[in-house]
Amino acid sequence: QVQLVESGGGLVQPGGSLRVSCVTSGFTFSDYYMSWVRQAPGKGLEWVSDISDDGGSTYYSDSVKGRFTISRDNTRNTLYLQMNSLKLDDAALYYCTAGDWQYWGQGTQVTVSS
């Protein structure tokens, strides 16, 4: 049974930092390209970042480039997203996905507010 469980979301002030995690099980994590996708209230899904199966390649949307860092630990089957210099527009439900958005977690809420 495939499971992706995100955690680490919360309330942070603008300019602050947060790290969200995604613990996975039920599939061979190290074989899968992983992504973070977010959805702000009343808006559609927005791709945030990708990482290759071995972690050697990373990709970011223009909106987060230079502020967010995606990483993975294949020994722990876990995906991470370090978010720095958070902006009000970063507030959203953050999902981790596996493969070509094949598998999804339930999301973790990130709220940015002063």
Side-chain angles (χ1 to χ4, degrees):
Q1 176 184 359
V2 172
Q3 285 193 312
L4 293 83
V5 181
E6 299 95 335
S7 63
L11 173 63
V12 62
Q13 292 185 338
S17 297
L18 208 59
R19 188 177 82 156
V20 294
S21 303
C22 174
V23 177
T24 72
S25 61
F27 64 102
T28 305
F29 180 74
S30 58
D31 285 348
Y32 279 74
Y33 214 77
M34 298 294 294
S35 305
W36 286 99
V37 178
R38 68 187 182 186
Q39 186 169 29
K43 297 189 176 181
L45 293 170
E46 178 189 8
W47 168 73
V48 174
S49 182
D50 287 345
I51 187 167
S52 60
D53 52 3
D54 65 355
S57 298
T58 57
Y59 307 90
Y60 300 92
S61 67
D62 287 344
S63 61
V64 308
K65 196 175 296 181
R67 300 186 298 119
F68 289 12
T69 303
I70 190 171
S71 62
R72 65 191 296 161
D73 184 343
N74 284 353
T75 67
R76 297 175 184 267
N77 296 335
T78 302
L79 178 72
Y80 303 99
L81 185 67
Q82 176 68 43
M83 302 182 287
N84 298 330
S85 303
L86 281 160
K87 304 177 180 179
L88 294 174
D89 287 349
D90 294 319
L93 188 60
Y94 282 73
Y95 298 97
C96 71
T97 76
D100 188 12
W101 296 14
Q102 179 180 1
Y103 302 127
W104 290 70
Q106 84 291 345
T108 186
Q109 185 69 47
V110 172
T111 303
V112 183
S113 174
S114 55

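- In terms of the side-chain hydrogen bond (donor to acceptor under 3.5 Å, both in side chains) criterion, residue partners of N84 (sequence neighbours excluded) are, by chain and number, S17, Q82.
- Cluster membership for L81 and F29, using ILVMFWY side-chain heavy atoms within less than 4.5 angstrom, is shared.
- A pairwise comparison of heavy atoms in L88 and P14 identifies CD2-CG, 3.9 Å as the closest pair.
- Scanning for salt bridge (Lys or Arg N to Asp or Glu O under 4.0 Å) contacts around D53 gives an empty result, with sequence neighbours left out.
- Among residues at least two apart or in separate chains, disulfide bond (SG atoms under 2.5 Å apart) pairs with a member in residues 29-113 are C22-C96.
- By the side chain to side chain contact (heavy atoms under 4.5 Å, CB included) test, K65 pairs with Y60, D62, sequence neighbours left out.
- Scored by the side chain to side chain contact (heavy atoms under 4.5 Å, CB included) test, V2 finds L4, F27, Y103 as partners (sequence neighbours excluded).
- Between the side chains of T111 and S113, not a single donor N or O lies within less than 3.5 Å of an accepting N or O.
- The side-chain hydrogen bond (donor to acceptor under 3.5 Å, both in side chains) search around T75 returns D73, not counting sequence neighbours.
- Under the side chain to side chain contact (heavy atoms under 4.5 Å, CB included) criterion, S21 pairs with S7, R19, T78, Y80, sequence neighbours left out.
- The aromatic rings of F68 and Y94 sit tilted relative to each other, their planes meeting at an angle between 30° and 60°.
- Looking only at side-chain heavy atoms (C-beta outward), M83 and V20 come within less than 4.5 Å of each other.
- Side-chain heavy atoms closer than 4.5 Å link hydrophobic residues (I, L, V, M, F, W, Y) into clusters, and following such links, possibly through other members, connects M34 to I70.
- Hydrophobic clustering (ILVMFWY, side-chain heavy atoms < 4.5 Å, transitive): V5 and L79 are in distinct clusters.
- D50 meets the side chain to side chain contact (heavy atoms under 4.5 Å, CB included) test with Y33, S35, W47, Y59; sequence neighbours excluded.
- Cluster membership check: W36 does not share its hydrophobic cluster with W104, using side-chain heavy-atom separations under 4.5 Å among Ile, Leu, Val, Met, Phe, Trp and Tyr.
- In this structure, T28 has no side-chain hydrogen bond (donor to acceptor under 3.5 Å, both in side chains) partners at least two apart in sequence or on a different chain.
- Taking each heavy atom of G8 and T108 in turn, the nearest pair found is N-OG1, 4.0 Å.
- Residues L18 and I51 are members of one and the same hydrophobic cluster, defined by side-chain heavy-atom contacts under 4.5 angstrom among Ile, Leu, Val, Met, Phe, Trp and Tyr.
- Sorted by first and then second residue, the disulfide bond (SG atoms under 2.5 Å apart) pairs involving residues 31-67 (not counting sequence neighbours) form an empty list.
- Distance CZ/R72 to CG/D54: 8.0 Å, rounded to 0.5 Å.
- If you take CG on L86 and CZ on R67, they are separated by 6.5 Å, rounding to the nearest 0.5 Å.
- What you find for P41 and A91 is that their closest heavy atoms are CD-O, 4.2 Å.
- Q106 places a side-chain N or O within donor-acceptor distance of the main-chain N or O of E6, the cut-off being under 3.5 Å.
- For residues 40-49, the pairs satisfying salt bridge (charged side-chain N to carboxylate O under 4.0 Å, His left out) are R38-E46, with sequence neighbours left out.
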